[in-house]
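Here the structure is laid out as structure tokens; the discussion comes afterwards.
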Amino acid sequence: MPPDELVSAGLAHARRWALLAALLGFAAGWTAWALLRGDPAALVAGDLDPAQRLAALRAGLAGLVVLPVVYFFAARRLQRPLAELAVTWNHRLLLLAGAPACVLLAAPGLAERRGFVPLAVSLGLGLLAAATASGWRDVLARQPARPRLTAGLLFALGLAVAALLVHLGVVRHHALVSNIHDLGIFENVLWRSLHGDLLATSLFPGDTFNGQHFAPLLLALVPFYALSPRAETLIALQVVWLCSAAIPLYLFSRRRSGSLALGFAVTLAFLVSPLVHANALWDFHDLTLAVPLVLWALWAHDGDRRLGLALAVGALLLAREEMGLVVAALGLFVALDGRPRRGLVLLALGLMWFILVARVFAPGTGVGAHADGLRGNLAEATGYGDLALALLANPLRLPLELLRPDKFGYLLCLGVPLLLLPALAGRLLVLLLPAAAIFVLSGNQYVADPYFHYTSFFLPAVFAAAPVGALHLQRWLGGPRMHELAAGIVVAALAFGWSFGLPGGSFRAGFHPVPTALTEAERERHAWLAGLARDLPADACVAATGDVGAHLAGRRCFAWFPARLDVDYLVLHREDINAKHMPLLRNLRAEQRFRTFDEQHKILVLQRNPDK
């Protein structure tokens, strides 16, 4: 077709393609300038000088011109009508319309200052990606399925994520960001268990961990801890175990949705999730042990693997006292999912086990040990009966609590990377009932903080619900949509991970940001502290402040300062001593109960005075 005819034919149908092409071209040009030459923080603040504004406009206009010109030469080379080619490629390049939003994601710290903005951006980019993928449907339909390559890519990604998280976890620990609560507690439990005192710890009343939580599954970690009895071993074990949840998640997602692409997308979203990373890096917690087990139980049920289901459920019941309720919720789902007899057995087992733990095995755990955490919402709650009564007597409590800005934002952090598909999962959402009850009733503000380990209650059910929700949506839309939804999840998850994760500058694990490398002073301090831990007599009783305590917990008698003072040594980090501790320290010195043993790197070591 001659160029003049090509142009005239294209212009005759310009209303079908020209406006969208201009928008896509302008967005691409402006975004290229903003990321390469502009300052994202200044753009977000609207703080551009006249010269910058002119440069931004020129870049946008250049993109606006370039894209139609590219369409023209492509149509001429391929001998296709310009309007037809432009319409096709406008659809395939639709994601460019959201390119300016990438500037928001590049602005450091935006997630912490204006969290709902990157949430909206991540969801919007994901939906645009899904719409864009529909333009590639014919191309994707011709591609053969490659399950081995897909599994290999996810396995490599999982190894890379695990290696990075182990590195960050060790750096975080060596930088004194970890704490006696909870890394020190769990190392003391495993050290005592390794030396014959099963589930014992001198940090809790009664010299037992069962006074606070019931988690006999911790004993399964003792052989691994025995290979290298250090806090770093627990950090690595937690990271690897949590990342291994990607395996049952991939198997369940692929089987339940029937889509290799969706299984890949959901698993990728899990591996790049800042919520998973924060859970893995926030010291060590028994709750995290449950995440892979719930997913293995779902996979075993879905494939009718009775032995696998029994093993997963048995281990899950031993993970922590609340897991009886999780197994009961699993049983309710199984019953609704076409296996009523199996479901009722699991429901009864979960409830019976929960009652046994609460009344017989460890009656002081759960609400009994942490009643204060409930009184923010329930002034007189002292037991599980009070909690059940509070839920049943006021059904409005659940929706009203979930719509609080902090808690609603938390739920969006769970759902946005998955395009909110978990909300469409139907009966599988009953798995969230125990999590929702804890989420609603707890007065602990950190339960609604996505950077703490309490996400363990939500993560397995939410990610498993995504492929189920996608399947329901596809049925409602009446056509194949899995590739589009997979593309949307990948883009939304990557955008969310960038903004709320380490690159966005807002990421933290627990209370503090995660350091990526140690300074020379921090290396020297850690080497000295590790030497101190080796040199202190093995039979000595040691009390320490929180941040150094996680480095000294591998001993029989260990305590937190100032909870206990009848010890042989006090190891006190001056930066972790607050004004409330100063009168106590002055009294100890005045009474000459302790004498200075050593002091380096602002860490004071006091030894009990034998004369006192």
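- In plain terms, the two heavy atoms of Val462 and Leu414 that are nearest each other are CG1-O, 3.7 Å.
- Every residue two or more places apart in sequence or in another chain was checked for a ring pair (Phe, Tyr, Trp, His ring centres under 6.0 Å) with Phe558, and none qualifies.
- Classification of the Phe500-Phe496 ring pair by plane angle, with boundaries at 30° and 60°, yields parallel.
- Ring orientation note: the planes of Tyr454 and Phe457 are close to parallel, at an angle under 30° on the 30°/60° scale.
- Of the candidates Val121, Leu119, Leu411, Leu119 is the only one forming a side chain to side chain contact (heavy atoms under 4.5 Å, CB included) with Val416.
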Please list, one pair per line, the donor and acceptor atoms closer than 3.5 Å that link side chains of residues 326-343 to other protein atoms, with sequence neighbours excluded.
| residue | atom | partner | partner atom | Å |
| --- | --- | --- | --- | --- |
| Asp337 | OD1 | Arg427 | NE | 3.1 |
| Asp337 | OD1 | Arg427 | NH2 | 3.3 |
| Asp337 | OD2 | Arg256 | NH2 | 2.9 |
| Asp337 | OD2 | His301 | NE2 | 2.9 |
| Arg339 | NH2 | Asp304 | OD2 | 3.4 |
| Arg342 | NH1 | His301 | ND1 | 3.4 |
| Arg342 | NH2 | Asp304 | OD1 | 2.4 |

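- Shown here for Leu199 and Pro216, the closest heavy-atom pair between the two residues is CD1-CA, 3.9 Å.
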(request) Show your reasoning for whether side chain to side chain donor-acceptor pair (under 3.5 Å) applies to Thr455 and Asn279. (result) CA-CA 7 Å; Thr455 55; Asn279 197 319; 3.0 Å; yes
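- Using a 30° and 60° split on the angle between ring planes, His453 and Trp282 fall in the tilted class, from 30° to 60°.
- Atom CZ of Arg230 is surrounded by 12 or fewer heavy atoms from other residues, nucleotides or ligands within 6.0 Å.
- Other residues, nucleotides and ligands contribute over 12 non-hydrogen atoms within 6.0 Å of the CZ atom of Phe116.
- Ring orientation note: the planes of Phe458 and Tyr410 are nearly perpendicular, at an angle over 60° on the 30°/60° scale.
- In this structure Tyr446 satisfies the ring pair (Phe, Tyr, Trp, His ring centres under 6.0 Å) test together with Phe452, Phe511, sequence neighbours excluded.
- Asn188 and Thr201 share a side-chain donor-acceptor pair at under 3.5 Å.
- What you find for Met482 and Ser259 is that their closest heavy atoms are CB-OG, 3.4 Å.
- Of the candidates Asp286, Val357, Leu218, Asp286 is the only one forming a side chain to side chain contact (heavy atoms under 4.5 Å, CB included) with Arg320.
- In summary, of the residues considered (Val189, Leu190, Asp182), a side chain to side chain contact (heavy atoms under 4.5 Å, CB included) with Leu234 occurs for Leu190 alone.
- Here the two rings, on Phe209 and Phe214, have centers that are 6.0 Å apart or farther.
- At most 12 heavy atoms of other shown residues, nucleotides or ligands fall within 6.0 angstrom of atom CZ in Phe224.
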